[in-house]
Number of protein chains: 2
Amino acid sequence: MTKSTAEQGGTLTRQREAVLQVIRGSEEHLTASEIFEQARRLLPSISYATVYNSLKFLTNAGMVHEVKFGNGASRYDRETGRHDHALCTECGKLVDFDLDLTAELMRTAARRSHFKAESIHLTLRGLCPDCRPAG
Amino acid sequence: MTKSTAEQGGTLTRQREAVLQVIRGSEEHLTASEIFEQARRLLPSISYATVYNSLKFLTNAGMVHEVKFGNGASRYDRETGRHDHALCTECGKLVDFDLDLTAELMRTAARRSHFKAESIHLTLRGLCPDCRPAG
DNA sequence: TCTGGAATTAGAATAATTCTAAATTCCTTA
DNA sequence: TAAGGAATTTAGAATTATTCTAATTCCAGA
């Protein structure tokens, strides 16, 4: 049994590695189509379906994070630890930031929702530095 | 200048009202297509495009909330006040709950993200009561 | 080297949403 | 009350995001 990746079966193939490399190489939260464009430069024969398969694989393996808000497509984040997101209501910019949400807050959330909590995540909506009026 | 709706121009037409009524009539978070199906019963001639237009209108007017996670489509929530969401990682169920997030937390989030905060929202991922092992 | 399972490929299929252009509704004012 | 015009609705086409399918390729182990 050869497990190259942490928790699950499956191999970190060339194409999966290329997709990972693209995501790790960007500070932005790229969409599948942006990733496809860039991965193609590394591996010209890679197909769209493989990009989606790889994204699913990497997400399951915990090597990237999928985020979806705003309009349209899912975006992928190289940051895999717990963190939060700020979304600009003006230009759609999405940035990571960290808030030390306490275990207490997580317990409260679990109690009030009646869910067994796995993770919590905070989203701030507002204006990014560029869109904020008068600098 | 005739403003029927709170903050913006535009009229609360029959079709918009039907869409609103469908959303208000459900405890679930419906998708556009579910809303279309139900609105059709109230107003058989309503078209898909009008449902989307109405959803946009009602969202802008602050009369419904749009939420999007999980797989696929946007969902619409009759709850318009600040609140949080719990998403089941097993079955996809989405429920509202309330956490009294403090003004202090909002300020901290704004400071760390460098955004001007408009709203904050917490998402809990985990298992809903039905999917939790051993009742 | 052969073989089977896993992964990849191209392109078709599906799903969600937006766009377009024509028709309709509903005011507003003459 | 009729005409004009803006806002809205409609049907269907177009677009975008994602998944599926079937054939092919890759690779590890017997």
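The shown structure was predicted, so the numbers you read here are calculated from the model rather than taken from an experiment. Residue numbering restarts at 1 for every chain, and letters A, B, ... go by the order of the sequence lines.
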Nearest to the side chain of [X] - [options]?
X        : options                   : answer
Ser47(A) : dT18(D), dA10(C), dT17(C) : dA10(C)
Thr13(A) : dT18(D), dT8(C), dT8(D)   : dT8(C)
Asn53(A) : dT10(D), dT17(C), dT8(C)  : dT8(C)

How many Å lie between [atom1] on [X] and [atom2] on [N], as a whole number?
X        : N       : atom1 : atom2 : answer
Ile35(B) : dT17(C) : CD1   : C1'   : 14 Å
Arg14(A) : dC27(D) : CZ    : C1'   : 11 Å
Phe36(B) : dT18(C) : CZ    : P     : 16 Å
Leu12(B) : dT25(C) : CG    : C1'   : 15 Å
Glu17(A) : dA7(C)  : CD    : P     : 14 Å
Lys68(A) : dT17(C) : NZ    : P     : 10 Å
Leu42(A) : dT8(C)  : CG    : C1'   : 17 Å
Glu37(A) : dA17(D) : CD    : C1'   : 14 Å

Tell me what [X] touches on the nucleic acid: a base, only sugar-phosphate, or nothing, going by heavy atoms under 4.0 Å.
X        : answer
Ser45(B) : sugar-phosphate
Thr50(A) : base
Thr31(B) : nothing
Ser33(A) : nothing

query = For Glu104(A), which residues count as a salt bridge (Lys or Arg N to Asp or Glu O under 4.0 Å) partner, sequence neighbours excluded?
reply = Arg107(A)

query = Do the side-chain N or O atoms of Gln15(B) get closer than 4.0 angstrom to the phosphate oxygens (OP1, OP2) of dT25(C)?
reply = no

request  = Compare side-chain N and O positions of Arg16(A) against OP1 and OP2 of dT8(C) and report whether any pair is under 4.0 Å apart.
outcome  = yes

ask   = Ser74(A) and Glu66(A): side-chain donor and acceptor closer than 3.5 Å?
value = yes

task = Taking only Lys NZ, Arg NE, NH1 and NH2, and the carboxylate oxygens of Asp or Glu, determine whether Asp100(A) and Arg112(B) approach each other closer than 4.0 Å.
result = yes

query = Salt bridge check: are Glu37(B) and Arg40(B) linked by an N-O gap of less than 4.0 Å?
reply = yes

In terms of relative ring orientation, are [X] and [Y] parallel, tilted or perpendicular, with 30° and 60° separating the classes?
X        : Y         : value
His85(B) : His121(B) : tilted
Tyr48(A) : Tyr52(A)  : parallel
His65(A) : His83(A)  : parallel

Restricting both atoms to N or O, compile the protein contacts to nucleotides 19-25 of chain D shorter than 3.5 Å, with distance only.
none

